[in-house]
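Presented below is the structure to which this report refers.
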Protein chains: 2
Amino acid sequence: MSTAQDTAGGETPAWAEVTPDAARRLLIAAVEAFAERGYHATTTRDIAGRAGMSPAALYIHYKTKEELLHRISRIGHAKALDILRTAARREGTPAERLADAVGSFVRWHAGGRTTARVVQYELDSLGPDARAEILALRRQCDAEVRGIIEEGVAAGDFDVLDVKGTTLAVLSLCIDVARWFNVDGPWTPDEVGALYADLVLRMVGAA
Amino acid sequence: MSTAQDTAGGETPAWAEVTPDAARRLLIAAVEAFAERGYHATTTRDIAGRAGMSPAALYIHYKTKEELLHRISRIGHAKALDILRTAARREGTPAERLADAVGSFVRWHAGGRTTARVVQYELDSLGPDARAEILALRRQCDAEVRGIIEEGVAAGDFDVLDVKGTTLAVLSLCIDVARWFNVDGPWTPDEVGALYADLVLRMVGAA
DNA sequence: GCCCAGGGTGAGCGGGCGCTTAGCGAGCGG
DNA sequence: CCGCTCGCTAAGCGCCCGCTCACCCTGGGC
């Protein structure tokens, strides 16, 4: 159960950047707990218990419960931005790059649903400073997708009425996968990624 | 501020079915608080305070804090289902009915964002029985939209690879409006409704 | 063998939570 | 003008929260 959360493509083991080991185990426990119950409904005793430690151990590695959420949010958003950036800057037509971006972004939200849930839906539980920092990362995600769509429009490959609105809709569609995707459901992350890539190409008039 | 939340088209005053007046004021206060902070982060003292009452007054009209969420969720889902059902059963081509359904559903999520947020995102805070009841209403919402899409496919108006997946994506797109829509933002609910109706028609290949 | 640094624990503090209860006072039939 | 009803309040109960602190155990340098 503790090794269930990997990255979208299985590149690097998840949360490898968090050290030492005890801090990583606590963070993974927090991700699972926040995803299941939400930030406010999760107790520090629950997090420590999942990591096999006493409640006090949490405060050796993190100043507060909110710092845990902040760390999770920052690492998660960095990963999401990395996925979109990689797709946006590869070679290929705008349609190919948009399909790649949506496909891999959706695979991450479906496969790493536990992490994605926390990253995408617990943002409001952060304090003002931390939230502002995360929102900046979000705007960069938006910019990457909008960039691809604008290039497609400029090249005459896409037919879009409202670039800003369509960008928002595309991201919204991908993000909401984290809310409804069920590992035991009828689709694999790959299947949802492929379906969504097709749907998004239709949305921008590239089909 | 207390009259801010109306229905999508301004048909009936919101929450008119909740009586007596004190119970309705408490429920409206709860909707606002849950939408702002989430169910678990909202205290019964906060709800009562917003309604101008003492903390104990809440328990004259509701057995528990969860009963408030349950009532809000049931009424909200009933309204959502009503919107979709009305659009699905009117006269017109499948494309017209789908555009109507998406447009009005999105207008409700954008205009009544406060309510929609609670209804769509605080579901997991309900107990098993209450959640099961609400999930049944959700499946009916899904069935209404899937019905329109199936008719469009049967009539040869739509070109859809995966009816079930596309239905889910359409609903997901609409629901997520409640997460990002901002009343002070660049769009009105009507504009988002129109944009989304166009995007969904493209998704089903009816453009 | 001794010491020290540092990750870990058990116990517990102050406080705020959901919820209860005893009683108050306005409205009203008789 | 009594007295009953009933919506509401003030006070507070028991609980568990986030977080702290004094102490312990273990492993590596000398």
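Quick note on labels: first sequence line is chain A, next is B, and so on, each numbered from 1.
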*B/R37 CZ to C/dG16 P: how many Å, rounded?*
14 Å
*Atom pair distance, as rounded to whole Å: CG in B/L69 and P in C/dG18*: 13 Å
_Qualifying residues under salt bridge (charged side-chain N to carboxylate O under 4.0 Å, His left out), relative to B/D190, sequence neighbours excluded_ = B/R107
*asked:* B/E66: which residues meet the salt bridge (charged side-chain N to carboxylate O under 4.0 Å, His left out) condition with it, sequence neighbours left out?
replied: none
*Would you please classify the geometry between the A/F105 ring and the A/W108 ring as parallel, tilted or perpendicular, with 30° and 60° separating the classes?*
parallel
*Using the ring of each side chain (for Trp, its six-membered ring), is A/Y196 parallel, tilted or perpendicular to A/W180, with breaks at 30° and 60°?*
tilted
_Does the protein touch nucleotides 7-21 of chain D at the base, only the backbone, or not at all? Give it as B, S and - per nucleotide, heavy atoms under 4.0 Å._
-BBB-B----BBBBB
*Quickly, which of A/R146, A/Q140, A/R139 forms a side-chain hydrogen bond (donor to acceptor under 3.5 Å, both in side chains) with A/D142? Name it, please.*
A/R146
